[in-house]
Amino acid sequence: MPTDTQARLEREGLVQLDRAFDLAADETPCLALGASAGAKNISLSPNGAAVSGVDADAAGVAGDLMRRYAAWAQALLLEVAPGYAGHLERGRTSLRTRAVSGEGLSPRKDDRRLHIDAFASQPTGGKRILRIFSNINPNGEARLWQIGEPFAAHAARWIGKVRWPFPGEAWALQALGVTKSRRTPYDALMLGLHDAAKLDPAYQRTAARRDVAFAAGTSWIVFTDSTVHAAIAGRFALEQTFYLPLEAMAVEAAAPLRVLEGMTGRRLVS
């Protein structure tokens with residue numbers, strides 16, 4: 001049975017929790033690690049085997065920390081949303097030691113701009129993107145986000161400007177290795193929504209938003225595919241990504257796939 005927290009998470013997109021992930025004494029040196037050139041974060045592969053974004057001599061301790069966090073985050077999620085048990089697909093884990101910054105990033109990659117998550121190289125085929133964050137800042141500094149308009153309003157704003165894929169385009173992208181799997185019309189639309197918002201300077205200046213501060217020692221769970229958000233400031237955080245099929249949802253109508261199918265009158269995932 002879905003809990004009230006699970007239903008609220010799916011309707012509202014974000015739930016804050018007064019739950020801390022505590023670093024062990026031998027893990028605190030990980031906070032001094034910086035992501036390597038070209039990487040914003042230190043990352044652990046979904047299967048827990050490979051660490052990227054950090055020098056090889058530091059990969060061991062960073063990997064151990066992220067593996068521990070991945071297990072902790074999954075246990076926390078299933079505690080508040082047990083209805084997801086048996087449906088979770090684990091994605092990447094990340095250790096974010098750098099301060100939030102858009103320096104050197106293109107507008108598409110600058111997460112300080114309001115956006116919904118959609119991954120160019122990794123289509124979801126309609127699965128939800130659920131992410132758990134924990135602020136592990138040792139100096140007590142909050143992590144600051146901005147939350148924008150509801151997903152349905154956001155989609156209605158941009159959907160008329162999004163290009164539909166050409167016939168054979170999804171096949172070609174997969175064959176060329178641009179995408180890891182076939183990009184569905186849903187994935188193409190979501191990527192279009194992501195890019196349209198990030199690339200529109202007027203929208204970024206004037207769009208309605210509210211500020212949210214996540215205190216050090218707290219965690220938050222967010223459906224980043226439906227929550228319009230921007231990371232504004234903060235340093236030192238851990239993040240775990242999960243993918244969830246629609247059949248695990250307590251409020252399926254709130255899923256972006258169902259919202260976009262209602263707007264377009266088309267089936268977007270075969």
Side-chain angles (χ1 to χ4, degrees), residues 2 5-16 46 73-74 77 80-81 83-84 87-94 108-133 145-159 162 165 170 179-199 203 207 209 212 220-231 239-264 266-269:
T5 300
Q6 179 181 335
R8 180 161 64 91
L9 173 62
E10 293 176 23
R11 289 193 181 96
E12 300 177 9
L14 187 152
V15 170
Q16 294 179 252
Q74 181 165 329
L77 177 59
V80 300
Y84 295 155
H87 297 283
L88 293 176
E89 176 186 335
R90 186 178 291 183
R92 298 191 74 84
T93 313
S94 67
R108 282 188 178 88
K109 294 184 178 181
D110 186 355
D111 289 339
R112 298 174 304 168
R113 295 173 176 241
L114 289 168
H115 66 285
I116 50 97
D117 277 357
F119 305 138
S121 65
Q122 187 169 335
T124 69
K127 291 179 181 177
R128 303 296 314 271
I129 302 172
L130 181 64
R131 308 178 90 172
I132 301 176
F133 295 83
W145 277 24
Q146 290 179 336
I147 303 297
E149 63 197 337
F151 177 79
H154 190 72
R157 178 190 300 276
W158 299 112
I159 198 166
V162 174
T179 61
K180 296 178 181 178
S181 59
R182 190 68 55 88
R183 184 182 287 176
T184 66
Y186 166 78
D187 294 300
L189 283 180
M190 289 292 285
L191 189 59
L193 297 179
H194 170 275
D195 289 353
K198 276 194 170 181
L199 296 176
Y203 173 76
R209 69 201 73 192
V212 180
W220 58 106
I221 305 173
V222 54
F223 277 109
T224 55
D225 56 355
S226 62
T227 302
V228 178
H229 63 287
E239 179 271 332
Q240 176 62 50
T241 296
F242 293 101
Y243 300 97
L244 279 160
L246 259 62
E247 55 263 31
M249 298 295 106
V251 190
E252 187 174 322
L257 175 59
R258 294 294 179 246
V259 173
L260 293 178
E261 286 182 333
M263 287 184 176
T264 61
R266 296 173 60 172
R267 188 176 181 184
L268 300 177
V269 175

From CA spacing to verdict: side-chain contact (heavy atoms from CB on, under 4.5 Å), L257, V269: CA-CA 8 Å; L257 175 59; V269 175; 3.9 Å; yes

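- The two residues R128 and S226 make their nearest non-hydrogen contact at NH2-OG, 3.0 Å.
- Between the side chains of Q74 and Y84, no donor-acceptor pair of N or O atoms lies under 3.5 Å.
- Across M263 and A156, no two heavy atoms sit closer than the pair CE-N, 3.7 Å.
- Residues I159 and L193 come closest through the heavy atom pair N-CD2, 4.0 Å.
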From CA spacing to verdict: side-chain contact (heavy atoms from CB on, under 4.5 Å), L77, L130: CA-CA 10 Å; L77 177 59; L130 181 64; 3.5 Å; yes

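- The CZ atom of F223 sits 12.5 Å away from the CD atom of E12 when rounded to the nearest 0.5 Å.
- Using a 4.5 Å heavy-atom cutoff, the side chains of T179 and S121 are not in contact.
- Between atom NE2 of residue H194 and atom CG of residue L189 there is a gap of 14.5 Å, rounded to the nearest 0.5 Å.
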Test log, rule side-chain contact (heavy atoms from CB on, under 4.5 Å), inputs F151 and I116: CA-CA 8 Å; F151 177 79; I116 50 97; 4.2 Å; yes

Derivation and outcome, side-chain contact (heavy atoms from CB on, under 4.5 Å), residues R8 and V15: CA-CA 8 Å; R8 180 161 64 91; V15 170; 3.7 Å; yes

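- Contact of the Q240 side chain with the R90 side chain is registered, since non-hydrogen atoms from C-beta on lie closer than 4.5 Å.
- Side-chain N/O atoms of H154 and Y203 include a donor and acceptor closer than 3.5 Å.
- Across every non-hydrogen atom of I132 and A73, the tightest pair is CD1-O, 3.2 Å.
- Pairing each heavy atom of L199 with each of R108, the nearest pair is CD1-NH2, 3.5 Å.
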Audit row: E149, R157, salt bridge (charged side-chain N to carboxylate O under 4.0 Å, His left out) steps and yes/no: CA-CA 10 Å; E149 63 197 337; R157 178 190 300 276; 2.8 Å; yes

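- A196 and W158 make their closest contact through CB-CE3, 3.7 Å (heavy atoms, listed as atom of the first residue, atom of the second, distance).
- With a 6.0 Å radius and a threshold of 12 heavy atoms from other residues, nucleotides or ligands, R267 has its CZ atom at or below the threshold.
- One finds the NZ atom of K198 at 4.0 Å from the CG atom of D111 (value rounded to the nearest 0.5 Å).
- In this structure, I147 CD1 and R209 CZ are separated by 11.0 Å, a value rounded to the nearest 0.5 Å.
- Atom CG of D187 and atom CG of L268 lie 9.5 Å apart (nearest 0.5 Å).
- Between the side chains of Q122 and T124, no donor N or O sits under 3.5 Å from an acceptor N or O.
- Taking the side chain as every heavy atom from C-beta outward, P256 and M190 approach each other to under 4.5 Å.
- For the atom pair CG of L9 and CE of M249, the computed distance is 8.5 Å after rounding to the nearest 0.5 Å.
- Looking at K127 and D225, no side-chain N of the basic residue comes within less than 4.0 Å of a carboxylate O on the acidic one, giving no salt bridge.
- By the 4.5 Å heavy-atom criterion applied to side chains, E89 and P245 are not counted as neighbours.
- One N or O on the side chain of E10 and one on the backbone of V251 form a donor-acceptor pair closer than 3.5 Å.
- With T5 contributing its side chain and V80 its backbone, the two residues share no donor-acceptor pair below 3.5 Å.
- For D117, the side-chain contact (heavy atoms from CB on, under 4.5 Å) test picks out H115, F119, I129, R131, T224, H229, with sequence neighbours left out.
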